[in-house]
Amino acid sequence: VNAAADFADEDGGKLVRGGRARLVLRGSDCLAAFLGAVRGAPRRTALFCDVDGTVSPIAPTPAEAVVPAATRTLLEHLMQALGLVAFVSGRDAVTARRLVGIDGAVYVGGHGLEVLTADGRLGSDPRAEPYVPMMRDLLARSRAGLGAAGVMLEDKRTIIGAHYRTAPDPAAALTAIEELLAGPARAAGLRIASGHFMVEVQPPIDVSKGDAVRRLLDEGDYRAALFAGDDLTDRTGFSAVHGWAAEDGGRAACAVAAITEETPDEVRRDGDVWVAATPGVTFVLGLLAKEAAAD
Ligand SMILES: [Mg+2]
């Protein structure tokens, strides 16, 4: 497989074979080099994917998100072919598994607070447990007021997600989130994080997607690791695979940024490869599957 012939690049200006829309926007050389490292060693390759905005297109509300059938088929194939397939999400791990639905994969939830292993064991960071009652209390107190402002609350047990993409007045919804949820949470010592049209209340624990990625990489014998993501918290996944690869010249890493008009600049800056949103991610999964099959 000549990967470089399969996609276009802003610098190279190559045409996409078959006349498809351009899916790789930047970094095709980096992607080709990574695919070269996968070739002949798929069992020593680890694939990490964020869920929302990466393998499932951004949806109006979290409940409406789905993984497209073609993407799922490729992921199932990669699940058989690669050494590790892990989904690394801000959702809780059980919900992430329900959404993605790939058996045998590892699901990291809560940005690293939870891990659902391939054999179905759910482990959560014990440091987060004391915050569960506080989260429940905050949800109960803010639910009516935020509902009136069109904010959708997501109960992730150790985390609260407040989504305002579909609010009639997003600016007013954000103000309501600050007054009713984020302000009181901050005053109680909890952490506040923002993403695409959402605000999260998190326990004040230093944990990240990148920490979970690094732990999983250290548990196996891998020589290639790819992390695909679209939002700020995914940058810790990017740096985890980069840091891991930098420790050994025989390792290869690739950070794939799923780009939309909403992509924060920091995500663009830290991605080795830019792809056009979830179709671009699916395209990269297809290239990976080809390399794995060529083994
Ligand atoms: Mg995402």
Side-chain angles (χ1 to χ4, degrees), residues 23 25 47-68 71-72 74-75 85-102 105-116 152-154 156 158-166 191-202 207-213 216 225-241 254-285:
L23 295 171
L25 307 172
L47 170 66
F48 300 93
C49 291
D50 168 54
V51 177
D52 295 272
T54 300
V55 293
S56 76
I58 294 281
T61 64
E64 291 169 77
V66 287
V67 176
T71 310
R72 191 189 304 264
L74 283 169
L75 288 168
V85 174
F87 298 94
V88 189
S89 178
R91 293 188 186 242
D92 67 84
V94 171
T95 303
R97 181 174 64 181
R98 196 183 312 132
L99 171 56
V100 177
I102 304 292
V106 172
Y107 294 87
V108 174
H111 308 285
L113 283 171
E114 296 182 332
V115 178
L116 186 56
M152 213 288 296
L153 287 171
E154 187 185 8
K156 302 192 273 189
T158 55
I159 292 175
I160 298 169
H163 300 262
Y164 58 98
R165 178 181 295 275
T166 56
R191 278 191 197 160
I192 308 302
S194 307
H196 293 333
F197 288 95
M198 66 109 125
V199 174
E200 275 192 357
V201 178
Q202 303 170 347
V207 67
S208 71
K209 289 185 172 186
D211 294 336
V213 166
L216 288 167
L226 182 148
F227 190 102
D230 72 310
D231 212 342
L232 293 170
T233 62
D234 296 315
R235 293 158 62 230
T236 64
F238 292 173
S239 50
V241 294
C254 188
V256 175
I259 303 287
T260 66
E261 62 280 5
E262 292 176 11
T263 306
D265 286 343
E266 296 92 327
V267 175
R268 292 172 185 263
R269 199 166 57 221
D270 293 353
D272 303 316
V273 177
W274 296 3
V275 298
T278 53
V281 172
T282 300
F283 182 66
V284 169
L285 297 177

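One-based numbering, in listed order, for ligands and for the atoms of each.
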Looking at residues at least two apart in the chain, or sitting in another chain, which of them share a ring pair (Phe, Tyr, Trp, His ring centres under 6.0 Å) with Phe227? Phe238
Against Val241, only a single residue in Val256, Leu226, Val213 fulfils side-chain contact (heavy atoms from CB on, under 4.5 Å); can you say which?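 By the side-chain contact (heavy atoms from CB on, under 4.5 Å) criterion, Val241 pairs with just one of Val256, Leu226, Val213: Val213.
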Under 2.8 Å from the Mg ion (ligand 1), the protein N, O or S atoms found are Asp50 OD2, Asp52 O, Asp230 OD1
For residues 267-279, which residue pairs pass the salt bridge (charged side-chain N to carboxylate O under 4.0 Å, His left out) check, not counting sequence neighbours?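 Qualifying pairs, neighbours excluded: Arg235-Asp270.
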Can you check whether Thr278's main-chain N or O pairs, donor with acceptor, with Thr282's side chain at less than 3.5 Å? yes
Determine yes or no for a side-chain-to-main-chain donor-acceptor pair under 3.5 angstrom, with Asp234 supplying the side chain and Gly237 the backbone.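 Flag not set: sc Asp234 to bb Gly237 has no pair under 3.5 Å.
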With Arg165 via salt bridge (Lys or Arg N to Asp or Glu O under 4.0 Å) - residues at least two apart: Glu262
